[in-house]
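Here's the structure, in C-alpha cells; my notes come after.
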Amino acid sequence: MAPYESDDSTAGADPRAGRRKASRYVVPVAVVGVAAATIGIVPALADSGDPDLPEISAQQLIEKIAASDVQQLSGTVKISTDLGLPDLGGLEKSLGSGFGGAGAGARSGSEGSAADPSAKMTELVTGSHTLRVATDGPDRQKVSLLEDAAEYSLIHNGKDIWGYDSRSNEVYHATADDRHPAGKDAELPATPRDFAEEALKSVDDTTSVTVDGTVHVAGRDAYKLLIKPRQSGTTVGAISIAVDAKTGMPLKFTLTPAGGGAAVVDAGFTKVGFGKPDASTFDFTPPKGAKVTEDEDMPGKDLPGKNLPGKDAPGEIPGKGDLGKGLDGLKVIGKGWNTVATFDTGGQGIPSGSEVGGDLGGFLDSLGDHVSGKFGSGTVFSTRLVNALVTDDGKVYVGTVDKDTLVRTADAG
Amino acid sequence: MSRADRAAADTAAADTAVADTAAAYTAAVDTPGQGGAARAPSPLWTLGLFRSELVVTLRRWRTLALLGVLAAVPVLVGIAVKIETRDGSGAGGGGGEGPAFISQVTNNGLFLVFTALAATLPFFLPMAIGVIAGDAIAGEANAGTLRYLLVAPAGRTRLLLAKYATTMAFCLLATLVVAASALAVGALLFPLGDLTTISGTRIGFAEGLGRALLIALVVAASLTGVAALGLFVSTLTGSGIAAMATTVGLLITVQILDQIPQLHAVQPYLFSHYWLSFADLMREPLYWDEVRKNLGLQALYAAVFGSAAWARFAAKDITS
C-alpha cells in the first residue's frame, strides 16, 4: 500500500514551520553569496603580490627591450582605447578612418574591400578589442581581430599578405615584394611591443624614464618601465610598459592622460606563449565563394598597417602625423612632448557656429571651443589626448598638448 | 488499492497524459518491490521517475509542436538563402548582415547548422525551454495532479530533480533537433565539404561535424540557466500559463537589458550575455574564454534558481 507522503512541512499552522520554510531560502542566498565572494576575491588572490626580481636600471631595461629577439610567439592581446571621442554610432567609423590617415582619404570614391587591412584596423581607435597574435620568424605572422561570431585575420606568410573578413566572407590579397619589402611593416601595430618601440623613440632629455617596480602580466614576471614627460603642457600623463623579465618582450602598454581617468591606450597580453605556433596557423587559401580583392585593384593604396594609430611617435597617437602626411607644408613646432604639427589645408577652415547660425551652428559650437589670438580665430577640438585647432583661414595645429599650450604655440607660430 | 491510486485512476479519465504519469509512478513504486512503506528508494527508482517524466513530456502534443517549430526554422533559413543567392551572389549582400555565419552557408551546407543555432538561440530555443520548464510544476498544480504525484513516496526533492532533468533533456533534444534539421537542409540545398574556420584556416568535413556537435552541446548547456529559472517560477504559482508567460517575459526582459549600453556593468551577469559565444568554437585555435564564462554563468544560475526552487517547493502547501 502506498502511504501518504509524510512531508515535514504540511503543517502550515505551526509557527515553527514558517521559520523552517524561511530557513530553506538560506541555501539559494548562500549560493549567491559564495558566487559573489568568488567573483570578488579570486582575482584579488590571483593578483597576490608583485614578483621578486633582481634590481635593474632603466637604461639596462631599455637595452633589454632593444636586445629582445622573440621570434616565436602566440598569445592573446586585449587592447582598449578611450580617446574621449564622442560616441557617434555610425559616424564612428568614418571618424575612425579620418584618423586612420591619408590612405583612406585618397581611396574614398573607390569602393574598398571589407577585408582591406587599413580600413579594418581603424576600428581599433575606439573601444575594447581582443586580438590573437602568432609569430614565427620574420616571414610568418598572423593577427586576428576577434569580433562577435566573426573574425578578421591578417596573415603574412612568406610573400603573401592575406586579409580575411569572415563576416562578409571577403578576402584581401597583397604580395609583399611588389612595392614594399616583406617584413615587419606588414605587421599590425597592435601588440604592446609595437607601442613600446614607438614610445622609446621619443626618449630624450624632455622625458624621465624610471623602473617602477615589478608586475605580473599574463602569468609572467615583468618589470614596469615608467616614461613620464618632464615638460608641462602636454596631455600625456605617463606611459607604463611592462617588460617580460626573461625575454625582454614588452607585455603591456598603458598610456594615461595628464587629466587623469582611465587609460587612453591600454594594450596588454592576457595570454602569451613563446613556443612555435602551429604551421597551419599561417596557411590560407581563400574559401570557396569568397570575394577576393587584389591589392593592385585598389588605387592610392598605402602599405597595410602603415596608417594605423600608434604607428607614429607616442606624442602623435592616434595618427596625428598620418593626418598631415597627405597634405603639403607640414611643419613641426616645438620640442619633445609639446611638439605641435601644423599645416595649411588651403581651404576655408571650419566656419564657426555663429557664422553658420541656427541648429547647425549650435552643433558645430558644441563640438569645439571657439578661440582667438594672433593667428586670427578658430575652433579647438579636444579629445582626451589630442587637441586640434582649426583656424578660420584653414590652418590646422594638432598636438598632444593641452588647449592653452596649443593656442600659445599657434600664437608663436 | 490505496485511495490515492484510485483517485489517480479517476483523474486519468480526464487527462490521459496525467494517467500515464500516475500509472508510471505506481509502477515505479511497485517495481522495486519495497512493499510500499520503505523509504530511501534506490537511485534506479529516481531514474524510473525521470524516465516516466520524460516520456510523458515528449508525448504531449505541445512538446511535439514546439519541436516542429524548431525544426522548421533551419528549413526557412535554408530556403531563404537559396532563393536569395539564385543569381550567384553571396548571402547577406556581402555586408555582413543577418545571423552569424550566414554569408558562408552557400559555400558549405554545414554552416547552416551554425546559422540555425545562432538564429534560434536568442529566442526560439529559450522560449521552448520556458514553456516546458514553466509547465513542469505549475502545470501539474493547474491540472490538479500535483498532489497525486506527491502521494506516491517520490519525495518533493526527488520530483523536482526529475522535473529539472526532464527539462534539461528537452534542452538537449531541442538543440539537436535544430542542428539535425539544419544539417539535413544544408546537405540537400548546398554543397558540403572542407570548411574554412572564421580564423581563415581549413578543417576537414569530419572535424567540421565534430565542431557542430560540440557547438550543439554548448548551446544546450547555455539553456540550463533559463531552465532553472523557469522551474523556480513554476514553483511560485499554481497556473501553468502564468509560469510560462513569466518565464518567457523574463527572457525577453533580460535580452532587452542586455542591449542597453548604460547597463554594461550588470550585463556580464545576465544569463543570455554570453550565449552567442559558441561561435568562438569555430575559431582556430579554439577560443574558450567566453565559452567558459558562459558555462560558469549557467552553472551559477542553475545552482541559485535550482536551490530557490527547492526551497520554495519543498516547503510549499500543495493545495491542488
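Just so you know, these numbers use all the heavy atoms, side chains as well, and skip hydrogens, waters and symmetry mates. Each chain gets a letter, A, B and so on, in the order its sequence line appears, and its residues count up from 1.
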Give the minimum heavy-atom separation between B/V304 and A/P28, together with the two atoms involved. O-CB, 3.6 Å
Chain A contact residues among residues 269-283 of chain B, heavy-atom distance under 4.5 Å: B/Y269, B/A279, B/R283
Between B/F101, B/W310, B/F114, the one whose heavy-atom pairs under 4.5 Å with chain A are most numerous: B/W310
At a heavy-atom distance under 4.5 Å, which candidate from A/T76, A/V34, A/L146, A/D283 has the highest pair count against chain B? A/L146
Smallest heavy-atom separation, B/T196 atom then A/P287 atom, equals OG1-CB, 3.1 Å
Student check: side-chain heavy atoms of B/R202 and A/F284 closer than 4.5 Å: no
Measure distances from A/P277 to the heavy atoms of chain B and classify the residue's part below 4.5 Å as side chain, backbone, both or neither. neither
Got a donor-acceptor contact below 3.5 angstrom from the A/S153 side chain to the B/S199 backbone? yes
Need one label for A/S74: side chain, backbone, both or neither, based on atoms under 4.5 Å from any heavy atom in chain B. neither
Leading residue by heavy atom contact count with chain B [cutoff under 4.5 Å; candidates A/V31, A/D148, A/V26]: A/V31
Could you please spell out the steps behind the side-chain contact (heavy atoms from CB on, under 4.5 Å) verdict for B/N107 and A/N169? CA-CA 10 Å; B/N107 309 313; A/N169 203 22; 3.0 Å; yes
Looking at every non-hydrogen atom in both residues, tell me the closest pair between B/T201 and A/S280 and how far apart they are. CG2-O, 3.5 Å
Contacts of residues 286-295 of chain B with chain A (heavy atom under 4.5 Å): B/L286, B/Y287, B/D289
Atom CZ in A/R24, atom NZ in B/K316: separation rounded to 0.5 Å? 14.0 Å
